Structure formats: structure tokens, C-alpha cells
Amino acid sequence: MEHIKVNNFSLSDTITCGQFFLYTEIDDETFLVKSAGNSCEMRQKGDIVFLDCPSNKLDFWKNFLDIDTDTDYDRALQFCAKSKHKILKQAADFCGGIHIIRQDPWNALLCFIISQNNNIPRIKGIVGKLCETYGGFLPSPEQLAELSESDLAYLHAGYRARYLIEAGKFWGTLPRENGQTLNREQLMSICGVGPKVADCVLLYGFHKIDAYPKDVWIKRVIAEYFPDGFPETEFSGIVQQYLFHYIRHITRKKL
DNA sequence: TTCCAGGCGTATC
DNA sequence: GATACGCATGGA
């Protein structure tokens, strides 16, 4: 069992705030998390996060949770605190311990293709079913590319099944290099990937924290609270995540 | 029954 | 480039 000290970090908000779906909640503060072939049971008590993983995977999971990286969360929090928009301060007060998870880009692509015009419990269900088929993890691009839509009918993913296969075909043709970053245009060249899903992959997969996905919730927030438009910064993705989690909380729709 | 959900492709102007 | 519409599914 590894443990790390954290400062102004909330594991439960980070895991459950709608940016990530490959987890099971064991209790309020304990989660079994999967990413890129690794799994880890993690728990937070106060300012200590416990990671039940091999010691040689400690750095992997710290990086996954964006702990001790160069991401400047203090700057995003100060921006919210000083904003003339009260809802930014409220959102940061409510869930300012959120970190932007550094997900596997391919996994993020699959999850957010599934997310389109869908709700979070169903997304999680479909992602979970897909993982069950492949030993607890999401299929590789090659595994997905050779499937037909009828092979995926058991997911009940609807029209999104075709997009998953398209994504597999696209990703499978990419050169195998670590750390390569795709841009928005490349992502949107995949049939079934539009601006929102592309921004999610940029933010959650490639940690481009200036990308801020505009889903129906964020569009409503902008329409209601930001008549002059969303105040864009180089860390809009972080602010967007606070807002997304907060607005769903106060509208108390358990979705 | 209708509405909604971390949207997108297509048709049309 | 903007806007309208259909799309699979299941819970509210």
C-alpha cells in the first residue's frame, strides 16, 4: 500500500465528476480505478491518498491523478475566487479539489464517443459492459476495428457503435509512438467525433487544459450566468470542470 | 407519453 | 456559416 500526501485535492470529486468512467465505487471514499491495462484501489483519508498498487506503478498513478505535476490549480482557483461571476466562486468552493485526470487518450476517445447525447449512468454502464468483454479493460483499436456493428449490439450503444469501430480504424493506422498528441482537426476527422468529443479527448486525454468541452450543461450555464460569454483563459478546462460538477449538483439531478 | 442525456452527420439555405 | 432534423437507448 502506497500513500501520498496531497494538498487541496479531492479524490472522490476527481473520480466522480464526470470526466472519467472506468471505475467502480467501493464506498464513498474508495474506488477501484482502471487505466491503460493497470488497476488500482485508491482511497483518501484527509490529506493522505492511499494507493493499493505495485510500488513501481506509484508514479503512473500519481501522474494519472495529476498530483505533483506542473498543473497550476492554485491559479485556476484564484481566478474563480476573484471573478465578478459569483457562480465561479461558488463552484470552486464546492469542488475546488478536482484535478483533471490524465487519461489514456484512446480510452478517453472511446468513453466520450459513447457519451454523446447520453447520460452518465448509461455511459458508465456501456463502458463497463465493453470492458467485461475484454478482460476488464477497453479493447485496443485493432480489436475494435475488426468488429461489425452487430458484434456490438449487446452494448445497446445505439448509433454510437459505428463510431466506435470508426475510431478503432482511425487509431489503428496511427504510428506507434509514445506521447504523440493529436490536434482537434485530426480528432474531428473521425466519423462520430465532433467539437465536443474532440475537446474532451484534448482535455482529458492530452491534458490540454485550455480546451473546454461545451456540453448541454455548460451551454446552459453560459446562457444563464455568462451573458457576455465564457471568460476564456489558458486553464478554461479546469474551470469548466468545476462548473460542470457544481451545476449538476445544484440542479440535483442524479445523473 | 414525452422529455432528456458530457452530440454529431446530413441536408438545405 | 448557420440552422433543422433524425438518430438508439433507457430512466424520469
Side-chain angles (χ1 to χ4, degrees), chain A residues 13-23 87 91 94-95 98-130 138 147-171 182 184-226 229-230 236-255:
Chain A
D13 283 342
T14 296
I15 297 294
T16 67
C17 70
Q19 60 174 325
F20 181 69
F21 305 99
L22 288 162
Y23 71 93
I87 191 165
F94 173 67
C95 58
I98 287 177
H99 279 193
I100 302 299
I101 292 176
R102 295 184 188 250
Q103 304 182 35
D104 175 77
W106 162 246
N107 286 5
L109 175 62
L110 293 186
C111 290
F112 283 96
I113 284 174
I114 291 168
S115 80
Q116 65 179 262
N117 203 28
N118 213 339
N119 60 59
I120 289 179
R122 278 199 76 229
I123 299 162
K124 214 161 165 303
I126 293 170
V127 169
K129 257 188 288 185
L130 186 53
L138 287 167
L147 299 181
S148 65
E149 284 182 59
S150 57
D151 294 326
L152 291 175
Y154 71 99
L155 293 177
H156 299 284
Y159 59 87
R160 307 169 192 86
R162 180 166 69 90
Y163 301 157
L164 295 175
I165 296 168
E166 290 294 323
K169 290 177 181 170
F170 173 86
W171 210 269
L182 299 178
R184 202 166 187 259
E185 188 183 14
Q186 289 173 300
L187 291 165
M188 287 178 61
S189 73
I190 305 168
C191 181
V193 176
K196 194 273 175 182
V197 172
D199 283 341
C200 284
V201 177
L202 291 173
L203 177 61
Y204 306 123
F206 294 117
H207 204 75
K208 301 292 184 194
I209 57 171
D210 59 331
Y212 65 111
K214 287 167 277 297
D215 75 311
V216 291
W217 294 95
I218 293 295
K219 285 176 180 171
R220 276 200 294 262
V221 170
I222 293 174
E224 187 168 347
Y225 296 93
F226 300 93
F230 189 73
S236 289
I238 300 173
V239 177
Q240 171 270 152
Q241 198 63 45
Y242 300 154
L243 275 176
F244 177 80
H245 196 45
Y246 179 59
I247 200 69
R248 293 176 77 258
H249 169 73
I250 61 176
T251 54
R252 59 181 109 266
K253 291 200 169 193
K254 291 290 181 190
L255 287 175

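Heavy-atom basis, side chains included; hydrogens, waters and symmetry copies ignored. What you are looking at is a predicted structure, and each value in this text was computed from that prediction instead of being measured. A note on names: the letters A, B, ... follow the listed sequences, proteins ahead of strands, and every chain is numbered from 1.
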Measure from CG on A/Leu187 to C1' on B/dG7 and round the result to the nearest Å. 15 Å
Length of the line joining A/Tyr159:OH and B/dA5:P, which is rounded to integer Å: 13 Å
If you find the nucleotide of DNA chain B closest to A/Ile190 and the one closest to A/Gln19, which residue's nucleotide is nearer the 5' end? A/Gln19
Is a donor-acceptor contact shorter than 3.5 angstrom present between the side chain of [X] and the base of [N]?
X	N	result
A/Tyr163	B/dG9	no
A/Gln116	B/dG9	no
A/Tyr204	B/dG6	yes

Return no unless some side-chain N or O of A/His156 is found under 4.0 Å from OP1 or OP2 of C/dG10. yes
If only side-chain N and O atoms of A/Arg220 are considered, is one of them under 4.0 Å from the OP1 or OP2 phosphate oxygen of B/dA5? yes
Got a second to check how far A/Gln103's CD is from A/Leu109's CG, nearest 0.5 Å? 11.0 Å
Working to the nearest 0.5 Å, report the span between CD1 of A/Ile15 and CD1 of A/Ile98. 11.0 Å
Of the options B/dG6, C/dC7, B/dC8, whose atoms approach the side-chain atoms of A/Val197 most closely? B/dC8
NA contact type, [X], heavy-atom cut-off 4.0 Å: base, sugar-phosphate, or nothing?
X	value
A/Ile218	base
A/Gly18	base
A/Gln240	base
A/Ile247	nothing
A/Gln241	base

Between B/dC8 and C/dG11, how far apart are the C1' atoms? Round to whole Å, please. 22 Å
In whole angstrom, give me the gap between the P atoms of C/dG6 and B/dG6. 23 Å
Quick one: are the ring centres of A/Phe112 and A/Tyr163 less than 6.0 Å apart? no
Step through the shown structure and confirm whether more than 12 heavy atoms of other residues, nucleotides or ligands are within 6.0 Å of NZ on A/Lys208. no
Checking A/Ser148 now: which residues fulfil side-chain contact (heavy atoms from CB on, under 4.5 Å) with it, not counting sequence neighbours? A/Ser150, A/Asp151
